[in-house]
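Following: one structure in structure tokens, then a few remarks.
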Amino acid sequence: MAPQAFQSEFVRTLHARGFVHQITDAEALDRASAEGVVTGYIGFDATAPSLHVGSLVQIMMLRWLQKTGHRPIVLMGGGTTKVGDPTFRDTSRVMMEGTQIAANIASIRTVFGRLLAFDDGPTGAIMLDNDDWLSGYGYLEFLRTYGPHFTINRMLTFDSVRLRLEREQPLSFLEFNYMLMQAVDFLELNRRAGCRLQMGGSDQWGNIVNGVELVRRLQEQQAFGLTTPLITTAGGAKMGKTAAGAVWLNADMLSPYDYWQFWRNTADADVGRFLRLFTELELDDIARLEVLPGAEINEAKKVLANHATALVHGREAADTAAAAAESAFVRGEVSSDLPTVEVARDQLQAGVPLPVLANQIGLTGSSSEARRLLQGGGLRLNDVTQTDVNRLVTLADLGPEGALKLAVGKKKIMLVRPA
RNA sequence: GGGGGAAUGUCCCGAGCGGCAAAGGGGGCGGACUGUAAAUCCGCUGGCUAAGCCUUCGCAGGUUCGAGUCCUGCUUCCCCCA
């Protein structure tokens with residue numbers, strides 16, 4: 001079916017913006033979306049206190065779902081996280097404690113408040129936790145109820161299982177059951193909230209299909225699955241990893257400034273694709289931006305950074321980050337919006353070896369790393385490249401604004417103030 | 001139950017006759033060149049207020065001046081036989 005032929009705004013939009021990898025029954029989903037409100041869900045792991053940009057594609061789909069007149073469900077995997085999703089993982093995941101999981105869910109929840117409209121209307125978003133039903137099942141009950149609907153023969157054919165076995169890596173029985181739990185999630189959501197659509201990354205296809213089938217068998221109703229392509233950078237790398245670690249969505253784990261920088265540093269070749277996926281700009285505008293020649297493409301990257309940051313952190317934080325970047329990179333000024341760390345005045349009075357200070361404020365991962373950077377000419381104090389490992393930093397290094405600027409490379413910049 | 005293999009730097013893959021902070025890649029970071037891009041070239045890629053000290057090769061012991069390397073036991077995985 002050609003993209004233009006889609007009747008529903010929902011399917012048409014996702015298609016046009018590059019979200020769609022596979023759909024279980026595209027025509028039927030399109031029809032259902034054109035006829036009325038479709039309730040759809042995406043499951044999120046609760047292994048960390050924040051989601052990262054790897055989940056952003058999924059989040060954007062929930063936004064579009066709601067924007068185009070349907071109802072999104074955010075399903076937190078409180079129950080499944082106790083088991084650990086083995087899908088396309090080489091090694092088993094560690095099991096997590098309930099209290100930790102609950103804390104993670106609470107933290108993740110804060111991000112969704114800005115991204116989706118949670119209200120009582122027909123398209124109001126809702127958030128659920130699969131622990132609510134999964135932990136309630138008794139073993140025999142679960143086996144009797146759902147066991148008959150799955151065959152080992154079939155389960156072994158799913159790539160997620162097959163590849164693990166082929167690579168001769170262990171797959172525990174616990175993990176093997178993961179796909180059953182995810183299928184049951186879909187069923188429960190169908191019963192509780194009339195959910196008919198599950199979306200996810202392409203690696204979730206097998207799990208999603210299982211859910212679609214379970215709903216069809218037990219509810220005698222057609223359900224849909226939709227997966228996104230794996231989003232990689234033009235360099236072929238999985239998206240969202242930087243030296244500093246994952247690109248978190250929670251501001252307390254990655255500052256809006258760094259988040260803005262992440263998008264600003266997008267490779268030329270990725271700009272158009274990312275604008276379509278991670279902003280809600282009109283496609284016509286994006287088409288204009290992505291073909292900007294040479295260095296002008298940087299304007300498109302700023303637009304991308306502004307919009308992407310505004311979505312997650314708000315307009316104000318995005319503007320602040322953009323302004324800080326402008327002053328730091330374009331004018332080379334010390335901006336108070338740069339990440340700032342306070343250091344005891346006494347310490348500066350006495351003098352601190354530069355590598356020790358760099359490590360102390362978290363600019364580098366270790367003082368040894370700082371030393372190496374220093375020797376390689378990669379560390380600057382107040383914009384002057386330093387090479388002396390024994391350089392002492394003192395109060396004399398403070399600038400007119402009472403702060404000193406430490407930078408690793410061109411992009412990792414921090415301010416130090418005495419306290 | 002019996003026999004044979006495997007586990008290496010907390011990103012990954014992977015070499016390693018008893019002298020090892022441990023070859024070589026990939027990835028990442030820094031530098032040069034640029035446009036806060038890509039490509040290319042060069043450097044770095046255990047920790048420590050550091051000419052020194054400390055910790056690393058699945059786990060626990062042992063032999064030795066000295067163990068990733070040899071011996072014993074254990075754990076996990078793979079293969080063959082039953």
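Lettering follows sequence order; numbering is per chain, from 1.
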Within residues 290-300 of chain A, which residues have any heavy atom lying less than 4.0 Å from an atom of RNA chain B? Gly294(A), Ala295(A), Ile297(A), Asn298(A)

Leu56(A) versus Val312(A): any side-chain heavy-atom pair under 4.5 Å? yes

Distances for protein N/O vs nucleotides 31-34 of chain B N/O pairs under 3.5 angstrom?
unit_1: U34(B); atom_1: O4; unit_2: Lys410(A); atom_2: NZ; d: 3.3

Would you please confirm or rule out a distance under 4.0 Å between OP1 or OP2 of A37(B) and any side-chain N or O of Lys302(A)? no

Classify every nucleotide of nucleotides 48-55 of chain B by which part a protein heavy atom approaches to under 4.0 Å, writing B for the base, S for the sugar-phosphate alone and - for neither, in 5'-to-3' order. BBB-----

Partners meeting salt bridge (charged side-chain N to carboxylate O under 4.0 Å, His left out) with Glu299(A) (sequence neighbours left out): Lys302(A)

Hydrogens and angles aside, do Asn207(A) and Gln204(A) bring a side-chain donor and acceptor to less than 3.5 Å of each other? yes

Once salt bridge (charged side-chain N to carboxylate O under 4.0 Å, His left out) is applied, do any residues pair with Asp397(A), and if so which ones, sequence neighbours excluded? Arg391(A)

Is Arg372(A) touching bases, backbone alone, or none of the nucleic acid, heavy atoms closer than 4.0 Å? sugar-phosphate

Quick one: Asp268(A) CG to G35(B) P, roughly how many Å, whole number? 12 Å

Strictly below 4.0 Å, N to O, side chains only: are Lys67(A) and Glu280(A) in salt-bridge contact? yes

Could you tell me how far A6(B) sits from C70(B) if I compare only their P atoms? Round to whole Å. 10 Å

For U40(B), give the paired nucleotide (Watson-Crick: N1-N3 plus N6-O4 or O6-N4; G-U: N1-O2 and O6-N3; both under 3.5 Å), or none. A32(B)

Salt bridge (Lys or Arg N to Asp or Glu O under 4.0 Å): which pairs involve residues 135-158 of chain A, sequence neighbours left out? Arg154(A)-Glu213(A)

Please tell me if the side chains of Asp285(A) and Val303(A) come closer than 4.5 Å, counting only heavy atoms from C-beta onward. no

When the distance from NZ of Lys411(A) to C1' of C29(B) is rounded to whole Å, what number comes out? 11 Å

